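Here the structure comes first, spelled out in structure tokens, and everything after it is commentary.
Just so you know, these numbers come straight off a predicted model, no measurement behind them. What's counted below: heavy atoms across the whole structure, side chains too, no hydrogens, waters or symmetry copies. We're numbering straight along the sequence, starting at 1.
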Amino acid sequence: MSEWNQEDENIKVKMTSAVDEETKEWIKKKSIEFIRLMSYYKCAIMEIETKFNVLNEEYSLEFDRNPISSIKTRLKSLPSIEEKLRRRGLPVSVASMEEHLKDIAGVRVVCSFQADVYSLAEALLSQDDVTLLEKKDYIANPKPNGYRSLHMIVGIPIFLAHEKRMMKVEIQLRTIAMDFWASLEHQLRYKKDNEFTDEMAEELYQCGQLSADLDRRMDRLRKQTSP
């Protein structure tokens with residue numbers, strides 16, 4: 001995923017076309033700072049993704065199966081970052097986004113079984129260069145709408161040519177069933193020109209309960225087939 005997308009570039013062009021030369025230089029400097037910081041976040045994503053790929057390979061050798069179905073990554077766009085900072089009443093600056101936002105870099109790991117979620121999380125956190133900053137277990141304690149996932153904010157060092165920097169990465173671990181439900185729930189709830197009713201919310205909640213039951217049943221089957 002690019003650290004500077006076309007939408008961000010269009011915003012910069014509009015801004016620079018309407019200001020004087022001194023301000024243009026300031027915007028250019030801030031743009032470079034933003035791009036540099038986003039590249040650091042991208043490096044942090046690569047570090048976390050590599051760690052999960054290594055764990056997946058190790059589990060494959062040890063248990064003859066891959067616990068990870070897929071890994072997805074993302075960087076927040078400049079408009080999303082700006083909107084979140086303004087909503088919180090925080091300064092819109094490179095320093096502010098690095099200090100206050102924890103989810104600029106994101107990694108989502110989709111696992112085969114619910115047990116794999118906790119096993120992979122434990123394995124990652126046992127590594128001495130990974131620092132757990134925050135953890136929310138929405139599997140043990142689902143959100144009211146039925147959402148389930150394990151969320152973690154971790155600190156991970158990236159090694160540059162002349163320095164080491166600690167970066168924050170948001171990690172979401174979930175099963176295939178959890179990911180299926182969450183993806184469709186988001187599509188339905190935020191579909192344009194569509195009224196989302198309480199009845200629809202209740203139906204989605206019940207679907208979430210079914211997906212939770214499916215995970216439990218699949219975990220039981222896994223245990224029965226394990227040596």
Side-chain angles (χ1 to χ4, degrees), residues 1-56 68 70-110 120-121 123-136 149-173 186:
M1 185 179 295
S2 173
E3 63 270 14
W4 185 263
N5 60 34
Q6 189 58 48
E7 183 180 4
D8 298 330
E9 184 64 26
N10 291 339
I11 291 172
K12 188 184 81 171
V13 170
K14 289 179 182 178
M15 290 171 65
T16 55
S17 64
V19 297
D20 56 36
E21 289 301 321
E22 183 179 353
T23 306
K24 285 182 181 180
E25 285 301 314
W26 182 86
I27 292 173
K28 182 179 179 181
K29 178 182 177 182
K30 293 302 178 182
S31 296
I32 293 172
E33 291 178 4
F34 173 79
I35 293 171
R36 181 181 293 114
L37 181 59
M38 294 305 281
S39 73
Y40 294 162
Y41 280 115
K42 187 174 183 179
C43 290
I45 285 175
M46 292 165 61
E47 291 282 352
I48 294 295
E49 187 175 13
T50 297
K51 287 179 178 295
F52 278 117
N53 282 325
V54 170
L55 288 171
N56 195 43
I68 297 176
S70 65
I71 300 176
K72 304 170 187 177
T73 65
R74 68 107 179 92
L75 283 172
K76 271 190 178 298
S77 66
L78 175 57
S80 295
I81 291 170
E82 181 181 4
E83 187 276 331
K84 193 164 190 176
L85 287 172
R86 292 191 187 281
R87 177 159 37 90
R88 295 184 177 184
L90 297 169
V92 179
S93 67
V94 172
S96 180
M97 59 186 273
E98 186 173 14
E99 179 181 356
H100 297 292
L101 299 187
K102 302 175 182 178
D103 61 346
I104 294 175
V107 177
R108 179 178 298 158
V109 182
V110 180
L120 286 167
L124 178 74
L125 295 177
S126 69
Q127 299 183 21
D128 56 15
D129 60 343
V130 177
T131 303
L132 178 64
L133 303 176
E134 186 177 305
K135 183 178 180 180
K136 294 181 180 179
S149 188
L150 179 64
H151 288 204
M152 301 189 300
I153 306 296
V154 301
I156 182 77
I158 60 169
F159 295 88
L160 306 169
H162 304 292
E163 65 173 320
K164 178 177 79 170
R165 288 181 66 102
M166 290 296 297
M167 306 300 298
K168 300 171 188 172
V169 179
E170 180 192 52
I171 302 173
Q172 297 177 359
L173 293 111
H186 187 272

Does a side-chain heavy-atom distance below 4.5 Å link [X] with [Y]?
{"X": "Lys51", "Y": "Asp129", "value": "yes"}
{"X": "Lys76", "Y": "Lys84", "value": "yes"}
{"X": "Met152", "Y": "Leu125", "value": "yes"}
{"X": "Met46", "Y": "Thr73", "value": "no"}
{"X": "Leu101", "Y": "Arg88", "value": "yes"}
{"X": "Ile104", "Y": "Met167", "value": "no"}

* What closest approach, in Å, do Ser96 and Leu85 show between heavy atoms, and which atom pair accounts for it? ->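 Shortest heavy-atom separation between Ser96 and Leu85 comes out as OG-CD2, 3.6 Å.
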
* **Heavy-atom closest contact (Ile45 atom, Ala105 atom, distance)** => CG1-CB, 3.7 Å

Measure the spacing between [atom1] of [X] and [atom2] of [Y] and express it to the nearest 0.5 Å.
{"X": "His100", "Y": "Ser93", "atom1": "NE2", "atom2": "OG", "result": "7.5 Å"}
{"X": "Arg108", "Y": "Ile171", "atom1": "CZ", "atom2": "CD1", "result": "13.0 Å"}
{"X": "Ser39", "Y": "Leu160", "atom1": "OG", "atom2": "CG", "result": "8.0 Å"}
{"X": "Glu134", "Y": "Asp103", "atom1": "CD", "atom2": "CG", "result": "10.0 Å"}
{"X": "Lys135", "Y": "Ile153", "atom1": "NZ", "atom2": "CD1", "result": "13.0 Å"}
{"X": "Ser126", "Y": "Leu124", "atom1": "OG", "atom2": "CG", "result": "7.5 Å"}

* Scan for salt bridge (charged side-chain N to carboxylate O under 4.0 Å, His left out) pairs involving residues 159-171, sequence neighbours excluded, and state none if there are none. => Arg74-Glu170, Glu98-Arg165

* To do: Quick one: list whatever passes side-chain contact (heavy atoms from CB on, under 4.5 Å) with Glu47, sequence neighbours left out.
  =>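 So Glu47 forms a side-chain contact (heavy atoms from CB on, under 4.5 Å) with Ile156, Ile158.
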
* Val54: what forms a side-chain contact (heavy atoms from CB on, under 4.5 Å) with it, not counting sequence neighbours? ->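 In terms of side-chain contact (heavy atoms from CB on, under 4.5 Å), with neighbours along the sequence ignored, Val54 is linked to Thr50.
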
* Residues Gln127, Val154; criterion side chain to side chain contact (heavy atoms under 4.5 Å, CB included); working and verdict -> CA-CA 11 Å; Gln127 299 183 21; Val154 301; over 6 Å; no

* To do: Kindly say whether Glu49 contributes a backbone atom to a donor-acceptor pair with the side chain of Asn53 at under 3.5 angstrom?
  => yes

